[in-house]
Amino acid sequence: MTNIYSLAVEGVQKLIPYKAGKPIEELERELGISNIVKLASNENPLGIGEKARAAIQNAMENLALYPDGSGFHLKNTLAKKYAVSMEQITLGNGSNEILELVARAFLTTENEVIFSQHAFAVYPIVTQAVGAKAVVTPALNYGHDLIQMLDRVTAKTRIVFIANPNNPTGTLLKQEAIEHFINLLPEHVICVLDEAYFEFVSQIETVDSVSWLKKFPNLIITRTFSKAYGLAGLRVGYSLSNVEIADLLNRVRQPFNNNSLALAAAEAALNDEEHVRITVENNTFGMKQLTDSFKALNLTWIPSAGNFVSVDLKQAGLPIYEKLLRKGVIVRPVDVYEMPNFLRISIGTPTENAKFLKALKEVLTNV
Ligand SMILES: *Cc1c(COP(=O)(O)O)cnc(C)c1O
C-alpha cells in the first residue's frame, strides 16, 4: 500500500508543526478547574477596544457578502497613519500569513534562508514547507548576531528574517544597527523585518524603519493587530514594502484572506490610540511587577522590549510549567527554542500577574 506521507513534498514530510499555547478551555476540561489565567501567547490582557467592538457589531449586518478583497478602507487608514501608499501594503490573515506569502513568492528548494537561533518559530516552518535550506546563526546574548548573519549570505540566500524585538527572547536591536545591516545586504536578499511588537517599542524609542523603504527595495516590514491591538482571534497582519514586492505578495495571497469582521475591527482599532496607550501602560507596569518579583526570587530574566518576558529558572522549565498548569496558570515552555531552562510569561493584568507570581513562588518552594 502507498504510504501517503511519501507522496507529500519533501519539505512537508519533514515539517514539525508549530505548537501553540494551550487554550484555556482545553486545560479546564483536563483539570476540571476554572478561573484559569493564560499568559502564554502574548495576547492583550485588556482585550479588544471599544471602537473595534462597535465596528464588529456594525459589520455583522453584511456577513452574507464576501469581504472587500482589496481591504480598501483598512489599507487607506494604514497608508495615512504610516505615510506610505496603499500599493505598498499587503494584508495577511495574521502577519504569519505574510511570512508564508514571502516564502512562497521568493523561495525555491535551491534557496537559503538566514535567521537566528532562538528566533520566532514560524521562520523555520515557512522555510521548511517550501523545501528551502535554513541557515541558523548562533545567538549573541540571546539576540540576533547581525555580523554572523551577514557572514552567512551566499549567492543562494534569498531571505533574512529579523524579529525586532524577537519572540521569545524579547531582545531588541538598535535601529542604527539594523539600518547598517540592510545597507550591507546584497540586493538579491530580501530582509523581512518582523515588528510584531512595534507598538510597545515605539513608546521606548523613535522607531523609523518605514522611512527606510525609500532606500531599501529589498525590505519588508511586517506588523500585526494580534498583540497591542488585542485582535489575535480575528487574524489580521500586514506588511509594508516597496510597490513591486507588495505586487508579488498580493499575487499569491488568496483574494478574501481577511474576513469582514477583521477588516472592520482592524481599521477601527488603528483609530483607537487610547486603547493602545492603556495597553502599553499596563505592560510597563506588569513588566516591572514580574521582574521585581523575579529579582526577589533570585531569578534572572532576559530584558524584554515586548509584552512578555523569558525567565531563567536555572532548572528544567517543563516540570515547572506542568506544576503551574495544575495551579491554573498557563505560561509558555520554550524548550523548542533551545531554551530548556526558561519559561516565557506574557504580561497580564496586575491581578493575573499576581496570580502567576503566587503560583510560581509556591511551585519553586514546593508548597
Ligand atoms: C505573534 C508574532 C507574530 C504574528 O502573529 P500574527 O497573529 O500571525 O499576526 C509574528 N512575529 C512574531 C515575532 C510574533 O511574536
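Order of appearance sets the numbers: ligands from 1, and atoms from 1 within every ligand.
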[X] to ligand 1: N or O pair under 3.5 Å?
X: Thr224; answer: yes
X: Tyr197; answer: yes
X: Tyr123; answer: no

Which atoms from ligand 1 have a heavy atom of [X] less than 4.0 Å away?
X: Arg235; result: 6 (P), 7 (O), 8 (O)
X: Ala196; result: 2 (C), 3 (C), 10 (C), 11 (N), 12 (C), 14 (C)
X: Gly94; result: 6 (P), 8 (O), 9 (O)
X: Asn167; result: 13 (C), 14 (C), 15 (O)

With a 4.0 Å cut-off on heavy atoms, does [X] reach ligand 1?
X: Ser226; answer: yes
X: Glu97; answer: no
X: Asn42; answer: no

Count the heavy atoms of every other residue, nucleotide or ligand shown that sit under 6.0 Å from NZ of Lys358, and state whether that count exceeds 12.
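No, the 6.0 Å shell around NZ holds no more than 12 heavy atoms from other groups.
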
Once you round to the nearest 0.5 Å, how far does CG of Leu263 lie from CG of Asp68?
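So the CG of Leu263 and the CG of Asp68 are separated by 7.0 Å.
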
Interatomic distance, Lys227 atom NZ to Asn44 atom CG [nearest 0.5 angstrom]:
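Here the interatomic distance stands at 11.5 Å.
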
When the aromatic ring centroids of Tyr337 and His118 are compared, is their separation below 6.0 Å?
no

Holding to ring-ring contact (aromatic ring centres under 6.0 Å, His included), I want the full list of residues that pass it with Phe256, two or more places apart in sequence or in another chain.
Tyr66

Could you tell me which residues satisfy ring-ring contact (aromatic ring centres under 6.0 Å, His included) with Phe225, sequence neighbours excluded, listed by chain and number?
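Phe225 satisfies ring-ring contact (aromatic ring centres under 6.0 Å, His included) with Tyr229, Tyr238 only.
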
Test salt bridge (Lys or Arg N to Asp or Glu O under 4.0 Å) on Arg277 and Glu273 and set out the steps.
CA-CA 6 Å; Arg277 195 186 62 75; Glu273 280 166 18; over 6 Å; no

By the definition side-chain contact (heavy atoms from CB on, under 4.5 Å), identify the one residue from Val37, Leu290, Thr351 that meets it with Phe356.
Leu290

Can you pull out the closest protein heavy atom to atom 4 (C) of ligand 1? Residue, atom name and distance to 0.1 Å, please.
Ser95 OG, 3.0 Å

Taking atom 2 (C) of ligand 1 as the reference point, the nearest protein heavy atom with its distance:
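Atom 2 (C) of ligand 1 sits closest to the protein heavy atom Lys227 NZ, 2.4 Å.
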
Check each heavy atom of Asp194 against ligand 1 and say whether those closer than 4.0 Å belong to the side chain, the backbone, both or neither.
side chain

Is the ring pair Tyr123/Phe120 parallel, tilted or perpendicular, if the boundaries are 30 and 60 degrees?
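Ring orientation, 0 to 90° scale: perpendicular.
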
